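The basis for the numbers below is simple: all heavy atoms, side chains too, and nothing from hydrogens, waters or symmetry mates. No experiment lies behind these values; they were computed from the predicted model shown.
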Amino acid sequence: PEHCHTLKLEHPILTNHDLEKLRSVRWGEFLATTLPTLFDATGTERDLEEALDRLCRRASQSIEKGYRLLILSDRGVDHNSAPIPSLLALTAVHNHLVREGTRSQVALIVESGEPREVMHFCLLIGYGASAVNPYLAIETLEDMVGKGLLPKDVDFAK
């Protein structure tokens, strides 16, 4: 019989350190992989659509390879690569996996510089994210603590 394993998180907002711990998990069937959510910003209008199709295919292939934690990441933005909006990327993958019948096999984790307000987190979680790592917001808070703009450590600000 199949065994169902669950990874329980204290809350759905992950620090950068928390995400790195999940990224390196090698316990049983909990294997994590990172899927880039970037597209060619210098190309044509079809590049976003093609990037979404590629992201969905990579999610399916990752499940076939045994990955159970899919990290949708917009890290790596540069002059040529733009981030797919995180809610769009998440929803595309979520719906694709539902249509395939494989959605229940994986946790979707969003690693994005975009979320910064409570509503952003609510929407991402409501549309299927198991957890969110708002790395830019966290790095901003750490910088503010370092500059003495916040009276306490980053844990207070989170």
Side-chain angles (χ1 to χ4, degrees), residues 6-26 29-144 154 157-158:
T6 303
L7 188 64
K8 185 177 179 184
L9 301 173
E10 287 185 33
H11 50 81
I13 308 302
L14 301 175
T15 66
N16 297 343
H17 179 70
D18 292 338
L19 181 64
E20 290 313 311
K21 286 195 297 189
L22 283 178
R23 203 185 305 270
S24 65
V25 166
R26 296 290 179 263
E29 62 185 49
F30 289 113
L31 296 174
T33 188
T34 302
L35 305 177
T37 59
L38 302 173
F39 71 100
D40 184 2
T42 63
T44 68
E45 61 215 27
R46 296 230 352 112
D47 287 328
L48 176 58
E49 184 178 345
E50 290 170 3
L52 284 167
D53 290 341
R54 193 168 40 254
L55 175 63
C56 291
R57 279 195 313 274
R58 288 192 66 190
S60 296
Q61 292 165 351
S62 297
I63 292 170
E64 289 172 12
K65 292 177 183 175
Y67 291 101
R68 296 298 173 249
L69 302 174
L70 305 184
I71 302 166
L72 308 179
S73 178
D74 68 11
R75 284 193 185 260
V77 171
D78 59 23
H79 295 294
N80 299 320
S81 300
I84 298 171
S86 57
L87 187 58
L88 177 61
L90 170 69
T91 304
V93 171
H94 172 82
N95 289 336
H96 170 75
L97 298 179
V98 167
R99 284 189 299 272
E100 275 192 345
T102 57
R103 177 61 183 95
S104 63
Q105 297 177 24
V106 294
L108 297 177
I109 299 169
V110 175
E111 176 185 29
S112 177
E114 184 181 2
R116 61 193 174 281
E117 298 176 15
V118 172
M119 186 59 149
H120 298 158
F121 300 108
C122 292
L123 285 167
L124 289 167
I125 292 164
Y127 278 89
S130 299
V132 179
N133 168 243
Y135 65 84
L136 187 57
I138 290 171
E139 291 167 8
T140 300
L141 292 174
E142 289 171 347
D143 185 59
M144 291 173 73
V154 174
K158 290 186 264 181

Can you measure from [atom1] ([X]) to [atom2] ([Y]) and round to the nearest 0.5 angstrom?
X: R99; Y: L97; atom1: CZ; atom2: CG; result: 9.0 Å
X: I109; Y: L90; atom1: CD1; atom2: CG; result: 11.5 Å
X: T33; Y: L69; atom1: OG1; atom2: CG; result: 10.0 Å
X: E49; Y: R54; atom1: CD; atom2: CZ; result: 11.5 Å
X: H17; Y: L22; atom1: NE2; atom2: CG; result: 10.5 Å
X: L48; Y: L52; atom1: CG; atom2: CG; result: 5.0 Å

Check whether [X] reaches the backbone of [Y] with its side chain - one donor and one acceptor, N or O, closer than 3.5 Å.
X: R103; Y: G128; value: yes
X: H120; Y: R116; value: yes
X: T102; Y: Q105; value: no
X: T37; Y: S73; value: yes
X: R58; Y: D53; value: no
X: S24; Y: K21; value: yes
X: D47; Y: A41; value: no

Do [X] and [Y] have side-chain atoms, one donor and one acceptor, less than 3.5 Å apart?
X: N16; Y: N133; result: yes
X: Y135; Y: D74; result: yes
X: E100; Y: S60; result: yes

When every non-hydrogen atom of P134 is compared with those of P115, the smallest separation belongs to CB-O, 3.6 Å
In short, I84 meets A51 closest at the heavy-atom pair CD1-CB, 3.9 Å
Is any side-chain heavy atom of [Y] closer than 4.5 Å to one of [X]?
X: T34; Y: R23; result: yes
X: V93; Y: L35; result: no
X: F121; Y: P12; result: no

Given the options T91, N95, L108, V110, Y127 meets side chain to side chain contact (heavy atoms under 4.5 Å, CB included) only with T91
Go through the steps to decide whether L14 and V132 satisfy the test side chain to side chain contact (heavy atoms under 4.5 Å, CB included), and finish with yes or no. CA-CA 6 Å; L14 301 175; V132 179; over 6 Å; no
